[in-house]
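Naming: A, B, ... by sequence-line order, numbering from 1 per chain.
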There are 2 protein chains.
Amino acid sequence: MNGKPSFNLCLLTDLYELTMMQGYYLTHPDQQAVFEMFFRRQPFDGGFSILAGSAPLIDTILHLRFNPPDLEYLRSLKIFADSFLEYLAGFRFTGDIWSMPEGSVVFPNEPLLRIQGNIIETQLLESIVLNMINYQTLIATKTARVAHVANGGAIIEFGLRRAHGVDGAISATRAAFIGGATATSNVLAGALYRIPVRGTMAHSWVMSFKSELAAFERYAELFPENCILLVDTYDTLNSGVPNAIRVLHELKKTGYEGFGIRLDSGDLEYLSGRSREMLDLAGLKEATIMASNELDEWIINQIVKSNSPIDGWGVGSKIVTADKDPFLTGVYKLAAKTDHDAMRPVMKISNNPEKTTLPGIKNVLRFYDSHHRLLADLLYLEEEEEELLEAVRFNKPIVFHHPSLDLSGFTSSAYSGAERLLSPMIQNGSLIADQPEINTIRNRAAQGLGSLDQTYKRLINPHRYKVSISTRLKEMKTRLIREYGLFEASNG
Amino acid sequence: MNGKPSFNLCLLTDLYELTMMQGYYLTHPDQQAVFEMFFRRQPFDGGFSILAGSAPLIDTILHLRFNPPDLEYLRSLKIFADSFLEYLAGFRFTGDIWSMPEGSVVFPNEPLLRIQGNIIETQLLESIVLNMINYQTLIATKTARVAHVANGGAIIEFGLRRAHGVDGAISATRAAFIGGATATSNVLAGALYRIPVRGTMAHSWVMSFKSELAAFERYAELFPENCILLVDTYDTLNSGVPNAIRVLHELKKTGYEGFGIRLDSGDLEYLSGRSREMLDLAGLKEATIMASNELDEWIINQIVKSNSPIDGWGVGSKIVTADKDPFLTGVYKLAAKTDHDAMRPVMKISNNPEKTTLPGIKNVLRFYDSHHRLLADLLYLEEEEEELLEAVRFNKPIVFHHPSLDLSGFTSSAYSGAERLLSPMIQNGSLIADQPEINTIRNRAAQGLGSLDQTYKRLINPHRYKVSISTRLKEMKTRLIREYGLFEASNG
């Protein structure tokens, strides 16, 4: 960005947010609005997602300002009125943001964030909320899938070179760590977010020496701790592993630990098995084997299931680009607005039924069984919260309606407790919640996944977690659809 | 990044680059190296790619510095020697960078950039080169595919909310514009790169009013120029289009132009056909129809082929995330290094044959026919350049060898000229080439695609463009493989 005017992140928005804001400013500047951010389907045909991106988002929102270069640029577009540009000059977000805790296990159609306040301000947040939450949630989820199948094996995130731009790499690393990566190769992300950084060597190291053996010897002299030798530059089994064994022997004699080899090409199941035999025969049972090469949860799962002796995994491209499903379908939809000072629910109806939204100001109750395992989530209206919490306290039967199938649902009192998921982070524009350390967020994700039955974590055809709606929410939805008169129109 | 120490992009690197740099610094600090950046296969099973990301990369490289916070962080890792950290404190890139022009049509296995200089410096650039070029090239290519099938229809890039983080969105917009997008919704990218910005309205605009008609009327009053009404909030054909017709009629009477509707859900072929009929019947033949909703080249191709009356396309998620193939397989490989002051070629051999590299300091000649259409590219060694250019001048037969199949190749003099693709951008650390305007880069891409036969641009099973190697390069490769003794080892 050198030599460019220094614009602010307030401009990281779709133009239509700004034109609509001007429209609201000129027509109904005092309207209050409630927006909800949710996603429509689990990525990767999976059974869960991990919410991530909240802390950087909150930080960005608190600092949204329009500075002179931003305003000058907007003025140059010749679509904004002076009065509106003056409004922007004094802009700051003065509304409320409710959020699920970052690191939560989350499911489709439930509000992950609720943004409420003046419609002009809340409209501006749409693009930045979606940009940050969609991407980081996707990457935390992908990494959690990879870590799950690795079954305790270390996951080192290596994705910088294939990530989507500078920040694609940085925020990917943060999200991957939350999702379960053990460390990263990305130094800047490590520095910014205090994530452990790790690295081995590249083929260029080996090639910069006269011989592979000389390259290994020199590397072991320089970096004797955790010395991992890359063995596939010329020929893994005939050159790389034998040379590594000579060097690791010396390291072992000198008393160093944590050494091993890295495989970066070829058939990893075959090569890891043969390498393990060679290392063991040479008396190097403690040498670890790390594998890399465009790995993903499917490949790792297969190799782990075959009992291949791989101790750690370098996973790059396919984590940070969310390979096979590179975007989360998160949206930001109006749920309520004021109308003559009264807050009224609204909903969007669509020619694609899956694009229909749920109306009203909502929260989510997560029900647990007596082993603190997740049972089901219930979306409900804020106005019925007290009543519902009371019912939960007395373990009364709760009705769980399917969010769209009219006749589907169940009643249950087979729960041991419930947790309210959305809580206030920003109130009247000020941060009111503690921003947790990244390790706290990572632990929350691990605990959440631990409370989720294995059937939801299968790679193939996972169990679908129940996200239900309360009776009152269902009634509100039905009433609004009737009010919009759509059944009549469609029959016409 | 508010409140965080302000680190420099020098840290946007993999840890192993820094440990290897320290290794070089302590063992052979004067070695000179030549690295090449290339990719291994066309993304999207396509027949071409468009090089992008060069200008921001060059800018970043020219400004790479290690500042006190960067050095302090590296010191805290306890793996770097004081002498090396002092070296980093005075670091700047003093080598050379050769590049193909940004916007070039490019193919697998040919060097897109060549980085030469001290091995410590050139090693550092690996991660940032790959991060920037891999991503922007991928997005420019994806967009070029979309623009190609849209057959002249406008492509508005709408991807901010699904892009991979802040910079994922900004650099995606830049690359999409180079690849053929007409405009973007992303205001910050528009401001930074002087790309036209466009926007219509969101469903929340419609929902914030008492009725759809009121929302349309108010929008048309406020933004009468290029007024595009979103018609699918409640019911496209029964409510959206009839309401739009009432409002557009008024606009037409008042003399405004450029108005139309946007479809964002449902079956676009069906709805655009029916909407067109309704608009035409109402005397609004000039109203345009814009479509959006998770479009990609496959969907647009099918709709265009059915002659659906859609004039412009909003394409977001699937452009900026490079859906179906979200990373380019670009790599950065050592091609030559000094050994007792003489530059010697090197190559990496691998258990995956496709990961074997081509040795030596190379450039690329692109051969054209008499209609200035691309015929074939030839990789050759710098040392044979004069001789080859002489041969081309006299239209002598040139031998084109297949890069890996020994017996495949051809000899041809059926060319009318050839162009050398890599030229110096940075020499001894200083910029020596003009950095073109983004429109120049975009025009180069369009011209390059215009010179590429239609058969290379098919979506399904495209013609594979020939990237060949010269006789001398082939001989060098064969000799090196023999020297490494691998045939013997593999037979043993």
Which portion of A:A202 sits near chain B, non-hydrogen atoms under 4.5 angstrom:
both

For A:L160, is it the side chain, the backbone, both or neither that has a heavy atom under 4.5 Å from a heavy atom of chain B?
both

Candidates B:L188, B:N186, B:V197, B:I170 - the one meeting side chain to side chain contact (heavy atoms under 4.5 Å, CB included) with A:L11:
B:L188

Relative to chain A, which segment of B:L12 carries a heavy atom at a distance below 4.5 Å: side chain, backbone, both, or neither?
both

Among B:D264, B:L62, B:V331, B:D325, the residue with the most heavy-atom pairs under 4.5 Å to chain A is B:D264

Heavy-atom pairs under 4.5 Å with chain B: which of A:L334, A:N134, A:V166, A:V346 has the most?
A:V166

Taking atom OH of B:Y135 and atom CG of B:D167, what is their separation to the nearest 0.5 Å?
8.5 Å

Ranking B:M347, B:K318, B:H164 by heavy-atom pairs under 4.5 Å to chain A gives rank one to B:H164

Donor-acceptor contact present, side-chain B:Q32 to main-chain B:T338, <3.5 Å:
no

Please find out if less than 6.0 Å separates the ring center of A:F209 from that of B:H28.
yes

At a heavy-atom separation under 4.5 Å, does A:I79 approach chain B through its side chain, its backbone, both, or neither?
backbone

Looking at A:S76, A:G199, A:S185, which makes the most heavy-atom pairs under 4.5 Å with chain B?
A:S185

So, the part of A:T19 with a heavy atom under 4.5 Å from chain B: the answer is both

A:Q31 side chain to B:S208 main-chain N or O, any donor-acceptor pair under 3.5 Å?
yes

Go through B:D14 and B:S127 one step at a time and tell me if the side-chain hydrogen bond (donor to acceptor under 3.5 Å, both in side chains) criterion holds.
CA-CA 6 Å; B:D14 291 298; B:S127 308; 2.9 Å; yes

Is any side-chain N of the basic residue among B:E225 and A:K78 closer than 4.0 Å to the acidic one's carboxylate O?
no

Can you tell me which portion of B:T356 sits under 4.5 Å from chain A's heavy atoms? Options are side chain, backbone, both or neither.
neither

Under 4.5 Å from any heavy atom of chain B, what part of A:Q136 do you find: side chain, backbone, both or neither?
neither

Among the options B:G190, B:A81, B:P56, B:S211, pick out the one with the most heavy-atom pairs lying under 4.5 Å from chain A.
B:G190

Residue selection (most heavy-atom pairs with chain B, distance under 4.5 Å) from A:A169, A:S317, A:S171
A:S317

Find the one option among A:T27, A:V129, A:L222 whose heavy-atom pairs under 4.5 Å with chain B are most numerous.
A:T27

Atom group of A:I139 that falls short of 4.5 Å from chain B, counting heavy atoms
neither

Tell me if a side-chain donor or acceptor on B:D232 pairs with a main-chain N or O of B:L263 at a distance below 3.5 Å.
no

Contact origin within A:M207 toward chain B - heavy atom pairs under 4.5 Å
both

A:V320 portion near chain B, given a 4.5 angstrom heavy-atom threshold
backbone

Portion of B:L74 that has a non-hydrogen atom of chain A nearer than 4.5 angstrom:
side chain

Has B:T122 got a side-chain atom pairing as donor or acceptor with B:A33's backbone, closer than 3.5 angstrom?
no

Tell me which of these, A:K324, A:M132, A:E294, has more heavy-atom pairs under 4.5 Å with chain B than the rest.
A:E294

Identify the two heavy atoms, one from A:G330 and one from A:M37, that lie closest to each other, and give their separation to 0.1 Å.
CA-CE, 3.8 Å

With B:S204 as partner, the option from A:K333, A:K337, A:E17, A:Q123 fulfilling side-chain hydrogen bond (donor to acceptor under 3.5 Å, both in side chains) is A:Q123

Engaged part of A:L77 at the chain B interface, taking heavy atoms whose separation is under 4.5 Å
side chain

B:R174/B:E157 salt bridge by N-O under 4.0 Å criterion
no

Got a second to check how far B:S265's OG is from B:N293's CG, nearest 0.5 Å?
6.5 Å

The interface call for A:R198 against chain B, heavy-atom contacts under 4.5 Å, is backbone

Contacting moiety of A:L328, where chain B heavy atoms sit under 4.5 Å
backbone

Quick check for you: to the nearest 0.5 Å, what is the distance between A:M20 atom CE and B:W205 atom CH2?
8.5 Å

Is A:N8 in contact with chain B via its backbone, its side chain, both, or neither, using a 4.5 Å heavy-atom distance?
backbone

In terms of heavy-atom pairs under 4.5 Å, which option from B:D70, B:T13, B:L18 contacts chain A the most?
B:T13

A:R218 versus A:F223: any side-chain heavy-atom pair under 4.5 Å?
no

Tell me, for B:Y24 versus chain A, whether the close heavy atoms (under 4.5 Å) come from the side chain, the backbone, both or neither.
both

Between A:E221, A:R162, A:H203, which shows the greatest number of heavy-atom pairs under 4.5 Å with chain B?
A:R162

Name the region of A:D339, side chain, backbone, both or neither, that has any atom closer than 4.5 Å to a heavy atom of chain B.
side chain

Can you name the closest pair of heavy atoms from B:Y234 and B:V206 and give their distance?
CE1-CG1, 3.8 Å

